[in-house]
Each structure stands twice: as C-alpha cells, then as structure tokens.
Amino acid sequence: MGRGWAIAVHGGAGVDPNVPLHRQEEAKLLLARCLNLGVSALRSSLPAIDVVELVVRELESDPLFNSGRGSALTEKGTVEMEASIMDGPRRKCGAVSGVTTVKNPVSLARLVMEKSPHSYLAFAGAEEFARQQSVEMVDNEYFITEENKGMLKLAQEANTIIFDYRTPITALETCGTSVDNSLMMNGLPISVYAPETVGCVVVDSEGRCAAATSTGGLMNKMSGRIGDSPLIGSGTYACNLCGVSCTGEGEAIIRGTLARDVAAVMEYKGLGLQEAVDFVVKERLDEGGKAGIIAVSRDGDVACGFNSNGMFRGFASENGFMEVAIWN
Amino acid sequence: MGWAIALHGGAGDIPLSLPPERRLPREACLRHCLQVGVHALKSKKSPLDVVELVVQELENNPNFNAGRGSVLTTNGTVEMEACIVDGKTMRCGAVSGLKTVVNPIYLARLVMEKTPHIYLGFEGAEAFAREQGVETVDASHFITPENVERLKQAREANRVQIDYNAQPVQKDMKREELIPDGDSQIGTVGCVAVDNEGNLAAATSTGGLVNKMVGRIGDTPIIGAGTYANSLCAVSATGKGEAIIRGTVARDVAALMEFKGMSLEQAAALVVGDRVPKGNVGLIAVSATGEVTMPFNTTGMFRACATEDGHSEIAIWDS
C-alpha cells in the first residue's frame, strides 16, 4: 500500500515571459480541469495507468496545448503526433510516432502496450494498427488550427524551426536585438519557445506509478522527426519507484535520458524524489538545454523541476494539496 | 589506457549444434570486421568514424540482420533502423523505417550532423536520404531467400520470432529441416570503440524481428535502450527489443558507473543479470580506460573484441 495518491500534469516547459494574460488564464483553467478529472478518477480507485491516459486524452482533445488537436505542424503543413505511456509496477510501455489521423495518440500508445507484441509503432504501421483496433480516427485537418497555420507560415518565411508561442508587441522593446523577435503575426512578434508538449504522472492509493506524454513536436519540423516524447527513458518513464514525464528541448532530453535518470538516481544514489528531479535538471541537461520534469513517487510525493522560464503545470495529492502554476 | 573495440552480430538462442556452414561465414565476418576496426583505430581514426565503418561492413554482410540480410516484416518488406552516439559530445543520430538506404548507420550519422534533430523515421528519413544523396537501392536488394523462408515459417507458426528463437523448431522436427540455417534468425549488429585518449562511440543497426508488424520500432535506435555512449563508456545491446527498452539497458550500464561507482564489468553484469529477464539480452561495452566486456543472458552472442594490449577474442557461446 502507498501513502496516498498524487497527480501532476504539465503543458510544456519554457513559457514566453510576455504571454498574454488571457492565455495564461485559459491554460490554468485547462490544467485545473485536467487535475480535477484525474482526482475524481483516483477517488473512484482507478489504477494510475488509467488515470494518466484519461488526463492526457483530455489535454489532447483541447486545442490549447501542442498535442492532439492544436498540434504543431510539419514543414509540409501536416500534423505528425507522438505519445508514450508506461505502467510502473510491470514496467510495461507503449509508444507511437508519426500518427496523423488518430484522435487520441496516448490511447493508441496504450493499445500498443496492451494489444501488440511490440512496445513502439510508428507512421503507416501505427495508423494501420489504429484501424485494426477501431480507435477513433479523424481527418488530419481536425488537428490543424488556424493559429498554427499562421505560425508555420511565419516559421517558413524565417526558415527556422520554431516552437509555438507568440508574444505581444512589448517583447520587441524588451528584447529588441533578438532575431527571434523580428517575426510577427497579427501584430505580435514570435519568439522561439516551448513546444507545449503535455504529460501526466500519477501514483494511486496502492502506490502504483504511471506516466504518459503526448506531443505534436516542433513547428516546421522535418516530416519524420521523432522527439523525446515517445522515447521510454527520455520523455517518459515509470517503474515501481516513480513516474516521470519530461518536456522541453527534445534533443537535450534524449541526450540526458532525463526520465530514466530521475528513477536511476533514486535507485542507485538513494535520492528522494524532489532531490532526484533537481539533480537531473541541474546535472543531466547539456549546456543551454532547457527542460521541465514532473514526477510522483510510490510514497505519494509529487515533484517538479525546470530550468526554463516557467512551465505550465498542476499538482494535487490526497492530503488536499492542489496547485496550478506557470512561473517560478 | 589504450584503445579497445568490441562488436556483435546479435544475441539469442543460438543452438550449440549450429552447423559449420552457418557458423564459419559469420565467424569470418566478425574477424574481418574486427580487423577493419583495429586497423582504423591504429590509423588514429576517431572512435565515431570507427564504429560507423565497422557497422557499415556488418550491414553489407548478408549473414547478419542489418542492411542486406535484414529480416522481413509481416508484409514481407524490410524496415531497417540504426543509431550512432558520440560519447565525448553526446551528439547522436538515429533512423527507423528505412526501405532503400544501403547503409542505415551512415544515414544516422547524417541525421546527427546535418539536421537540427536526432531521430528521423520512415518516409521522412527516406526523403532526407535522397536529399543528402546517399546510396539507395531498390527495396528488393535487402531481401534474401533465407529471410523469405524465415518469414514463411514465422507466419505458419503465427508468431513474431525473436533473434535465434528456435522454439517452433523444437516442437516439430520436420519443420526444422525446412529451416535453412538451423538457428532461424540472424542478429542485430553493433560496435563500440574507445581510442587512446578515452574518446568513446557506439553504433547499432538492425532489420528488427522476423514477422514484425509494419512500423514496429525496437530498441536499436532508441538512445539509452539499444545504444548509448558518454564520457565513461559506450554500449550496444541486442536481443529482445521490447525487454531492452523497458530495462533502458544501454543507459543503465553508464548510470551504474556514474551513480554507483561500479566498474564497466560490474555495471554490465548487473544490467544483464538483473534488469532484463534471462534469455533476452546481450551487450558489448568499452570504458574510457580501455576495458571491454561482452556479457549476455542468452544461449550465445556473436561477438568479437580487441584491445591495445594484445587481447583479442572471437566467440559465440560461453567460453
């Protein structure tokens, strides 16, 4: 038995300091709604693995963050989504990449884990498996928002890979020399910022941990690009000790094997959960690599760490603690 | 301190009765590739170049499950994957779902050096290959008659075969006669190397599993699972991909050295002994100080190694 349930959600690390207030409010409301959904499920004694899937589905279905509907676009203007899920007690896992018509990629990842002999399916094969499993499918157009079309156009004009965020015009005055801020859309300059990947980690009242992560990847990414989110040990990891979901600069997260390393330093160095998260953020990211981590332990602890400017995040635990935050 | 190199051609249930006509060509290939690697290290090539060179040689040899000789998906197609990591800079490149690229490991190297990304898959990776002008051939080039036969048998047995798994054969002696090589599978390939200055690199390449689902990604291209290198060690793993992913095998060898102060040999032995069920994994690893280890918990692993102090070994089963 564990010492009580706990849940954490995120909507990406690295937030533009000038993000409009109304968008901050929208993000907080969404995070709170997802937390409440997870909390109700935990109170109904759903196992951790079901709860992380449920919560990430909700985040995917809402267009606000970069996963499912609202995903960033490839250089071709299409959506290619990826997701992974891991069940701590059995260390079972499932992952998908290059998904283009599956409404909820995290649920397809769950099916790969439960119904296939493999742990990772991608592109046409993943789509074929989705059809076999009769999951809900939609046109690729469903995932594409007008906002993201505009972002892609600007990214292509600037010939750069950009993360999907924009800042109000004041950013130009504060960072007028930055090349990033010379991009404009609807009178708003754009800067290179967080991909707003989503994730959820849960420990249930029996001490079982699980983690799930889902993303549309980078704006203007090459078709076929795979990031950290579907990679077990990088974007997502769970074992009998903890559940971990990471977000931020995918390539830095992969090099640092961030999610596994949180668990590894608990296992091999005996660190506590928050210590482990802090250690990994400080020691395992290469110079300049920006990322954020949420984690829960089987003891019911919840932890968060990031070296980026802010992280969309929320936490709740059985003892009544609940928090939704963006900044440090 | 000194240079060291190790390479593998897959771990699995390799029957001790493997007939000479199946064993000797592979031993010859391992010997040849080891010589290529040793010569390159002596010529002061960087470990990154050495592991790429050796894995290209292994890919070009149809006796192993990588490049030409790759096993087939359930649709009868080839989908290859590969990964390369430079320990010093922690730069890495990976590819999956390749159908026409002659040397997947070379494309992984190009992803590492010529894109802002680490990992490209399927159509996007193929498009990138064309853009870079790398050598491509018709997909049929990779398909050998042996692998067509293997797929047929796997389909009859209605199962996904893992490297060297001979179980259906044991159940049915008649079927054994049909199996062209008696070991039913040929393995993933990999190479790890370290130079006199302690620079490390790792590379792995594979065709995956016989009768795998289209789109299946295994451990090979996943940094920290099938392939990993940093400033302490370089690791390439082989065996049942799904178990290797769950065990984060390659990273854990490095993590045990880093966080528990273990030696290379202790760390590798613990990972193979404790983190992956018996019968599922083998790995090769070298450390910055020139140590080599090649543990496995399967019946055997095609493997070879050499170090600057004159040690050299080519083996399949426990010695």
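In what follows, chains carry the letters A, B, and so on, assigned in the order in which the sequence lines appear, proteins first and then strands, with residues in each chain numbered from 1.
- Atom CD1 of residue A:Ile226 and atom CG of residue B:Leu120 lie 8.0 Å apart, to the nearest 0.5 angstrom.
- Pairing each heavy atom of B:Cys92 with each of A:Arg255, the nearest pair is SG-CG, 3.9 Å.
- For the atom pair B:Glu258 CD and A:Lys269 NZ, the distance stands at 8.0 Å (nearest 0.5 Å).
- At most 12 non-hydrogen atoms from other residues, nucleotides or ligands lie less than 6.0 angstrom from OH of B:Tyr106.
- Contact record, A:Gly233 with B:Thr248: CA-CG2, 4.1 Å, taken as the closest heavy-atom pair.
- Between chain A and the options B:Thr73, B:Val214, B:Ile118, the largest number of non-hydrogen pairs under 4.5 Å is found for B:Ile118.
- At a 4.5 Å heavy-atom cutoff, B:Glu123 makes no contact with chain A through either its backbone or its side chain.
- Note: B:Met90 CE to A:Asp286 CG = 7.5 Å, rounded to the nearest 0.5 Å.
- Note that CG of B:Asp219 and OH of A:Tyr120 are 13.0 Å apart. Values are rounded to the nearest 0.5 Å.
- Nearest heavy-atom pair across B:His117 and A:Met222 is NE2-N, 3.5 Å.
- Taking the six-membered ring for Trp and the full ring otherwise, the centers of A:Tyr268 and B:Phe259 sit at least 6.0 Å from each other.
- At a 4.5 Å heavy-atom cutoff, the contact between A:Lys92 and chain B is made by backbone and side-chain atoms alike.
- For a residue to count as touching a neighbouring chain, one of its non-hydrogen atoms must lie under 4.5 Å from one of that chain's; by this rule A:Arg260 touches chain B with the side chain only.
- Remark: side-chain polar atoms of A:Arg225 are not paired, donor with acceptor, to backbone N or O of B:Gly124 under 3.5 angstrom.
- Ion pairing between a basic and an acidic side chain is recognised when a charged N comes within 4.0 Å of a carboxylate O; B:Arg275 and A:Glu267 show such pairing.
- Here the closest heavy-atom approach between residue B:Ile222 and residue A:Ile232 is recorded as CG2-O, 4.3 Å.
- A distance of 7.0 Å separates OH in B:Tyr119 from CG in A:Leu231, rounded to the nearest 0.5 Å.
- Rounding to the nearest 0.5 angstrom, the gap separating the NZ atom in B:Lys212 from the OG atom in A:Ser116 is 13.0 Å.
- In this structure, chain A has a heavy atom under 4.5 Å from the side chain of B:Arg251, while its backbone stays farther away.
- The shortest heavy-atom contact between A:Ala122 and B:Ile217 is CB-CD1, 3.6 Å.
- Both the backbone and the side chain of B:Ala255 come within less than 4.5 Å of a heavy atom of chain A.
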